[in-house]
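A short worksheet on the structure shown next.
This one's a predicted model, so the numbers in the text were calculated from it and none came from an experiment. Proteins get letters first, then strands, A, B, ... in listed order; numbering begins at 1 in each.
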2 protein chains.
Amino acid sequence: MRATIKDLAESLGVNVGTISRALNDKPGVGPELRKRIVRKAAELDYRPNGHARGLVTQRTETIGLLSGLDTHAFLSNPFYAGVFAGIEAETRERNHALMFASAAQKSPLSLGEVPKFVVENRVDGLLVVGPVEVNVIGALQDSRCPFVVVDYHPAAEDLDTVVTNNTRGARVLTDHLLQLGHRHIGFVGGAPLDRGSYHERLLGYREALENAGIAYRQELVHGAAPAGGCESAMKILEAEPRVTALVACNDVNALAAYGALRARGLSVPKDVSVVGFDDVPAALEVWPPLTTMRVDRVGMGRKAAQRLFQKLAEGNATSPHQIVFSAELVVRASTAAPRK
Amino acid sequence: MRATIKDLAESLGVNVGTISRALNDKPGVGPELRKRIVRKAAELDYRPNGHARGLVTQRTETIGLLSGLDTHAFLSNPFYAGVFAGIEAETRERNHALMFASAAQKSPLSLGEVPKFVVENRVDGLLVVGPVEVNVIGALQDSRCPFVVVDYHPAAEDLDTVVTNNTRGARVLTDHLLQLGHRHIGFVGGAPLDRGSYHERLLGYREALENAGIAYRQELVHGAAPAGGCESAMKILEAEPRVTALVACNDVNALAAYGALRARGLSVPKDVSVVGFDDVPAALEVWPPLTTMRVDRVGMGRKAAQRLFQKLAEGNATSPHQIVFSAELVVRASTAAPRK
DNA sequence: TTGTACGCGTTATCAA
DNA sequence: TTGATAACGCGTACAA
């Protein structure tokens, strides 16, 4: 059994209150006694019990990370893995612990329930990563637990968010293809496509087309299942064989589309150019290396955590910030002028 | 402010003890009163405070996940992502929360410090995933916090572990190459290579070679940095241009080796066959699809969590179990007979 | 069946 | 500067 503050007090013949003050660097303890207490604490390997402390201070020094996606899908996506890593780094540096939970579709959380660790007051604040059901956002607001949303910005909600400029990014990518001379350009989607980042990227694709005077065609847009880029690309090529370029909602789906093209005997970029989004490590390892938008995913995670800590310090009363990260076009070998 | 058990008691005119019994399904409450209490609790949205409960029960209904690697490296590896997902699923189904921390090289944890959430009694048990410093294992044993190690088995320690049969797997892979007729086979390593899974895979590679009467050559083995498969493959090919096959310590490094081969104008599998380990999703998406060992990583995570819960139930006194998962050879298009 | 009261390990507010 | 003691919110023996 680990030593408690009481053991420490008894072994030194002083009061527990004094121990507490000494170890928490509060005034009101003689320098000599303080020395003795600190030494004895190290000797007994005393560590304050988190629950007891949390009970009285109402702070847990813990923050929660809530994924909008199913856990496996979340972690398999290098983008989210980077955000997670950034959050973890910032959290660790501030001496806070990190809890994880997922509010995926089918889970009770998606019905507007708040994660266990929130209702039980075991986290000081929450980082919501990725598209979550709107119910969840509502429940969170009711819970009065400070939170910041990363990579998602529900329309018409005034929240603290950290997002990428998705629409602009997709427009830049599509413009790149248009400038190369492409006219028949498909969009390989992801799930969900009706909201969140992929939706915004679809919007950017559409904007770029319309600016170029090219009609938006529903049948050139496909994708609902997570990591279903291969299937989506297949469907697009069936619907319109003249397609010479594909904009994918992210790198993972872009690389999956490579497979579909290979299966049809089409080569990248000679027959079809492909662009992705996120610049995941694999984008550089495949052949041909993928043209994509680079996003500072670790930085986004860090920034979101920083904002959350700021809210915690300021008492959750500050007006919401919307922080936008810009993505940067990285041209590689997966894009070229269309054939002939 | 969230309602406490006291609020609930007062609003019903009964005692807090009765409330506690009613809500925890303990005997000693009349069915009628119990009904009223349950209804009122729902009405006030009462949830017991985790700290207060943890303080008295000495259980937190939380388990910790400790990564042996740096967080980014950990999450970027689909193998570990799968283990994480399995752990999360099992944990969630048992109504426990999950905390995450990393005991990477440079962190104070690696010097034998135990994670904050362990010393503060905020987790009931711990899952250690991947190769950790031996100091950490020692500290954990001293802490008397029940734990299970996944994908790592320190030599000469009698621990609860869940691992893959790495040596056998690498032998199977190498035998596959030998049967195809390869004689000059390199090994693309990873970090760490002196212990843990990659070390065991190296052993299996070595065993297979020696069984086939082929001398083990130090210069055909390279790799220390994480995800340094490209660089390692380069060095091996420089050291011995006659190499016709590469065994990689995992799929991620195998795919990185593809890049090195492309850079030298070598084609897979015509010039050089490549095999990986883990069967990550990308192994199927690249060209050519990778011959590899399939590992049930989600199952390993689940199993480890199950074992941990079993230990918690049985009071940590049971003798350690070593659970070994077998990997399965998946032959795809990245392997063929050597040229000529 | 219900109520009382103690204790879990801290921090914080008083007195001394 | 130090000590005593009351919270914090809950579970649980024990008494009624």
Side-chain angles (χ1 to χ4, degrees), chain A residues 1-38 40-41 44-62 95 97 116-124, chain B residues 1-38 40-41 44-62 97 116-124 145:
Chain A
M1 214 51 181
R2 184 168 282 279
T4 73
I5 200 171
K6 215 185 219 168
D7 301 331
L8 198 51
E10 281 171 8
S11 83
L12 282 168
V14 299
N15 189 275
V16 290
T18 309
I19 305 280
S20 176
R21 284 188 299 258
L23 262 27
N24 289 321
D25 292 318
K26 305 249 164 153
V29 181
E32 177 53 36
L33 179 54
R34 191 183 294 260
K35 278 276 180 208
R36 277 176 55 215
I37 291 176
V38 170
K40 194 72 175 182
L44 297 186
D45 195 25
Y46 164 76
R47 299 312 272 296
N49 180 303
H51 292 296
R53 170 179 272 173
L55 195 53
V56 52
T57 60
Q58 305 283 24
R59 301 199 110 220
T60 66
E61 309 222 306
T62 302
N95 265 304
K116 184 179 155 77
F117 56 60
V118 170
V119 299
E120 294 181 352
N121 293 309
R122 303 213 294 202
V123 296
D124 293 334
Chain B
M1 213 54 182
R2 184 169 280 280
T4 72
I5 200 171
K6 215 185 219 168
D7 301 330
L8 198 51
E10 281 170 9
S11 83
L12 282 167
V14 301
N15 189 275
V16 291
T18 309
I19 305 279
S20 175
R21 283 187 298 257
L23 262 28
N24 290 321
D25 292 318
K26 303 253 164 151
V29 181
E32 178 52 37
L33 179 53
R34 189 182 296 259
K35 277 278 180 206
R36 277 177 54 216
I37 291 176
V38 169
K40 195 72 177 180
L44 297 187
D45 195 26
Y46 165 76
R47 300 311 273 297
N49 180 302
H51 293 298
R53 169 180 268 172
L55 197 53
V56 52
T57 61
Q58 304 283 26
R59 300 200 113 222
T60 66
E61 310 220 309
T62 303
K116 184 178 153 78
F117 56 61
V118 170
V119 300
E120 293 182 351
N121 294 307
R122 304 213 294 202
V123 296
D124 294 334
C145 173

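The line from CZ of B:Arg36 to CD1 of B:Ile19 is 9.0 Å long, rounded to the nearest 0.5 Å. A distance of 4.0 Å separates CG of B:Leu33 from CD1 of B:Ile37, quoted to the nearest 0.5 Å.
Contacts between residues 7-20 of chain B and DNA chain D, defined by a heavy-atom separation below 4.0 Å, involve B:Gly17, B:Ser20, listed by number. For DNA chain D, the neighbouring residues in residues 27-37 of chain A, judged by any heavy atom under 4.0 Å, are A:Gly28, A:Val29, A:Gly30, A:Leu33. The stretch residues 47-54 of chain B touches DNA chain D through B:Arg47, B:Pro48, B:Asn49, B:Ala52, B:Arg53, each having a heavy atom under 4.0 angstrom from the strand.
When rounded to the nearest whole Å, the span between CG of B:Asn24 and P of D:dG9 equals 17 Å.
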I'd like a table of atom pairs between the protein and nucleotides 14-16 of chain C - only N or O on both sides, under 3.5 Å - with the distance next to each one.
none

Taking only distance into account, with no hydrogens and no angle test, what donor-acceptor pairs under 3.5 Å do side-chain atoms of residues 44-52 of chain B form with protein atoms, sequence neighbours excluded?
| residue | atom | partner | partner atom | Å |
| --- | --- | --- | --- | --- |
| B:Asn49 | OD1 | B:His51 | N | 2.7 |
| B:Asn49 | OD1 | B:Ala52 | N | 3.1 |
| B:His51 | ND1 | A:His51 | ND1 | 3.2 |
| B:His51 | NE2 | A:Asn121 | O | 3.3 |

Pair up each side-chain donor or acceptor in residues 9-17 of chain A with any protein partner under 3.5 Å, not counting sequence neighbours, and list the distances.
| residue | atom | partner | partner atom | Å |
| --- | --- | --- | --- | --- |
| A:Ser11 | OG | A:Leu8 | O | 3.1 |
| A:Asn15 | OD1 | A:Gly17 | N | 2.7 |

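When every heavy atom of B:Cys145 is checked against every heavy atom of B:Val123, the shortest pair comes out as SG-CG2, 4.4 Å.
For A:Lys35, the side-chain contact (heavy atoms from CB on, under 4.5 Å) criterion is met by no residue, not counting sequence neighbours. Listed by chain and number, the residues in a salt bridge (Lys or Arg N to Asp or Glu O under 4.0 Å) with A:Asp7 amount to none (sequence neighbours excluded). Taking the side chain to side chain donor-acceptor pair (under 3.5 Å) definition, one finds that A:Arg34 meets it with nothing, sequence neighbours left out.
OP1 and OP2 of C:dT11 both lie 4.0 Å or more from every side-chain N or O belonging to A:Lys26.
Defined by atom type and a distance below 3.5 Å, a donor-acceptor pair is missing between the side-chain atoms of B:Thr60 and A:Arg122.
Across the helix from C:dT1-D:dA16 to C:dA16-D:dT1, the helix axis at one end is tilted relative to the axis at the other end by 50° (nearest 10 degrees, each axis from five pairs).
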message: Applying side-chain contact (heavy atoms from CB on, under 4.5 Å) to B:Glu61 and A:Lys116, what does each step give before you reach the verdict?
response: CA-CA 10 Å; B:Glu61 310 220 309; A:Lys116 184 179 155 77; 3.3 Å; yes
